[in-house]
Number of protein chains: 2
Amino acid sequence: MSRKNIETRTRILNAAWKLLEADEGSGVRMSDIAKTARISRQAVYLHFPNRTELLIATTRYLDEVKNVDARLAASRNAATGLERLEAFVEAWGNYIPEVYGVAKALLVMKDTDEAAKLAWADRMAAVRAGCKAAVDALKNDGLLTTEHSVKEATDILWSLLSVQTWEQLTRECGWSQRRYVNAMKKLSNKMLVARPAAQ
Amino acid sequence: MSRKNIETRTRILNAAWKLLEADEGSGVRMSDIAKTARISRQAVYLHFPNRTELLIATTRYLDEVKNVDARLAASRNAATGLERLEAFVEAWGNYIPEVYGVAKALLVMKDTDEAAKLAWADRMAAVRAGCKAAVDALKNDGLLTTEHSVKEATDILWSLLSVQTWEQLTRECGWSQRRYVNAMKKLSNKMLVARPAAQ
DNA sequence: ATGTCAATTGACGCGGTGTCAAGTAATTTG
DNA sequence: CAAATTACTTGACACCGCGTCAATTGACAT
């Protein structure tokens with residue numbers, strides 16, 4: 001409610017953000033966050049009911065600060081389906097590393113916590129909507145491969161652009177961000193665009 | 001060592017297997033495994049030093065029983081690069097659901113436990129070797145796309161065939177196993193095979 | 001029958017989450 | 001100015017799951 005209250009709340013969110021980004025989602029405890037926010041551990045619970053909800057709030061906060069929706073929506077302005085696909089791949093692909101730490105924390109929680117699972121599904125639904133819009137635009141231009149339905153093509157693009165795939169390629173395989181984005185552009189084209197228009 | 005000892009050990013492994021398969025890796029506790037193996041919780045530690053090692057042993061046990069290596073190696077017999085790629089995709093793609101529950105447990109541990117991370121990396125290295133062999137075979141036939149190096153093509157195939165991607169498509173998107181394998185065959189072809197020879 | 005080995009039982013420590021009660025310090029409000 | 005409200009602190013504690021330990025039992029082998 002009050003000014004001070006909301007200020008402390010955002011201090012907690014910033015602390016969680018910072019720590020999750022540094023540790024890439026692994027072992028961040030409530031006490032760590034409290035300490036970073038210069039607050040007692042118990043006081044965190046005055047602002048968030050539990051760890052999961054704090055993580056969820058942190059991702060929402062991040063999305064808000066980073067203005068995801070606007071950045072993803074920018075691809076709408078593309079003139080053609082091909083351009084739209086490419087713009088979306090670029091926008092989302094470059095967004096991932098900016099939120100990876102926090103996203104990873106939620107991704108880990110997702111496997112054991114129902115609320116985290118829902119929150120993750122919700123955010124990913126937004127990404128999926130972007131994927132579908134790109135596929136629709138392709139189809140509209142008559143450039144969608146005939147081998148897959150719109151739903152299937154959307155699923156494929158969504159999987160290609162999953163955080164896990166990003167993680168595997170950049171972390172496990174050592175790809176640079178640049179290389180990742182370039183490859184995703186090429187691959188999404190190859191996978192979804194009807195043959196004559198490939199490239 | 002003794003007969004009884006080894007028998008109990010495999011009873012524990014089977015219990016872990018069964019439970020992980022049922023719960024798909026989420027909330028299986030040491031006490032659950034002990035109970036299923038009709039043994040006291042503490043007795044489990046007479047056979048495995050800790051939870052992580054038990055999980056690792058379970059995956060090894062599973063791989064042994066299911067004879068992964070042989071099944072994956074079968075694709076070596078393919079005459080052409082294209083056939084080899086397809087055979088590998090089919091072999092690995094159909095193996096995933098058989099071990100998913102156990103693999104998922106390890107996948108979750110991987111984020112917080114160093115030993116689990118190494119064990120997972122080790123198993124995935126085997127898969128990667130299969131991917132590389134398929135890519136090499138393609139290259140040998142002059143059918144590897146010129147847009148990617150062997151290393152990059154291997155990374156791409158490896159990511160396409162990751163357990164996480166399988167999980168996303170079959171669990172999140174509701175794909176059947178059949179559909180998954182078919183799509184992976186098509187997609188791996190489109191992504192890696194030089195244009196004129198596509199399908 | 002004696003010794004060895006597998007397993008049992010009960011207890012305990014540890015780390016992390018979440019809760020509760022009592023108290024304090026600052027700010028607001030009558 | 002006094003009283004009430006609000007944000008926060010401190011210390012204690014319960015719960016859960018992992019891992020450990022010590023003392024005991026029961027089986028089997030030589």
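We name chains A, B, ... by the order of the sequence lines, and we start the count at 1 in each one. Everything quoted here is computed from the prediction, not taken from an experiment. Only this structure's heavy atoms are used, side chains among them; waters, hydrogens and symmetry mates stay out.
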Self-check item: Side-chain donor/acceptor contact of A:Arg41 with base of C:dG16 under 3.5 Å
Solution: no
Exercise. Rounded off to whole Å, could you give me the CG-to-P distance for the B:Leu46 and D:dT20 pair?
Key: 11 Å
Quiz item: Going by heavy atoms in the side chains, are B:Phe48 and B:Met30 under 4.5 Å from each other?
Solution: no
Quiz item: Over how many whole Å does the gap from A:Arg11 atom CZ to D:dC8 atom C1' extend?
Solution: 11 Å
Exercise. Taking the six-membered ring of A:Trp120 (Phe, Tyr or Trp), confirm whether the NZ or CZ of A:Arg123 is under 6.0 Å from its centre and within 45° of its axis.
Key: no
Practice problem: Take the protein atom CE of A:Met109 and the nucleotide atom C1' of C:dT17, then report the distance between them rounded to whole Å. | Solution: 10 Å
Quiz item: More 5' along DNA chain D: B:Arg29 or A:Ile39, using each one's nearest nucleotide?
Solution: A:Ile39
Exercise. Rounded off to whole Å, could you give me the NZ-to-P distance for the A:Lys35 and D:dT10 pair?
Key: 13 Å
Practice problem: Give a yes or no on whether a salt bridge exists between B:Asp111 and B:Lys117, defined as a side-chain N under 4.0 angstrom from a carboxylate O. | Solution: no
Practice problem: Among C:dT8, C:dT17, D:dT9, find the nucleotide with the atom closest to the side chain of A:Ala43. | Solution: D:dT9
Practice problem: Examine D:dA7: is either OP1 or OP2 under 4.0 Å from a nitrogen or oxygen in the side chain of A:His47? Give yes or no. | Solution: no
Quiz prompt | Gap between atoms CG and C1', on A:Asn50 and C:dT19 respectively (whole Å) | solution = 13 Å
Quiz prompt | Residue met sooner reading DNA chain C from 5', once B:Gln42 and B:Arg9 are mapped to nucleotides | solution = B:Arg9
Quiz item: Between atom CD in B:Glu7 and atom P in D:dA27, what is the gap in whole Å?
Solution: 15 Å
Practice problem: Could you tell me whether B:Arg195 and B:Glu147 make a salt bridge, using a distance below 4.0 angstrom between a side-chain N and a carboxylate O? | Solution: no
Practice problem: Mind calculating the distance between CG (A:Leu54) and P (C:dG16) to the nearest angstrom? | Solution: 16 Å
Quiz item: Quick one: A:Met30 CE to D:dC16 C1', roughly how many Å, whole number?
Solution: 17 Å
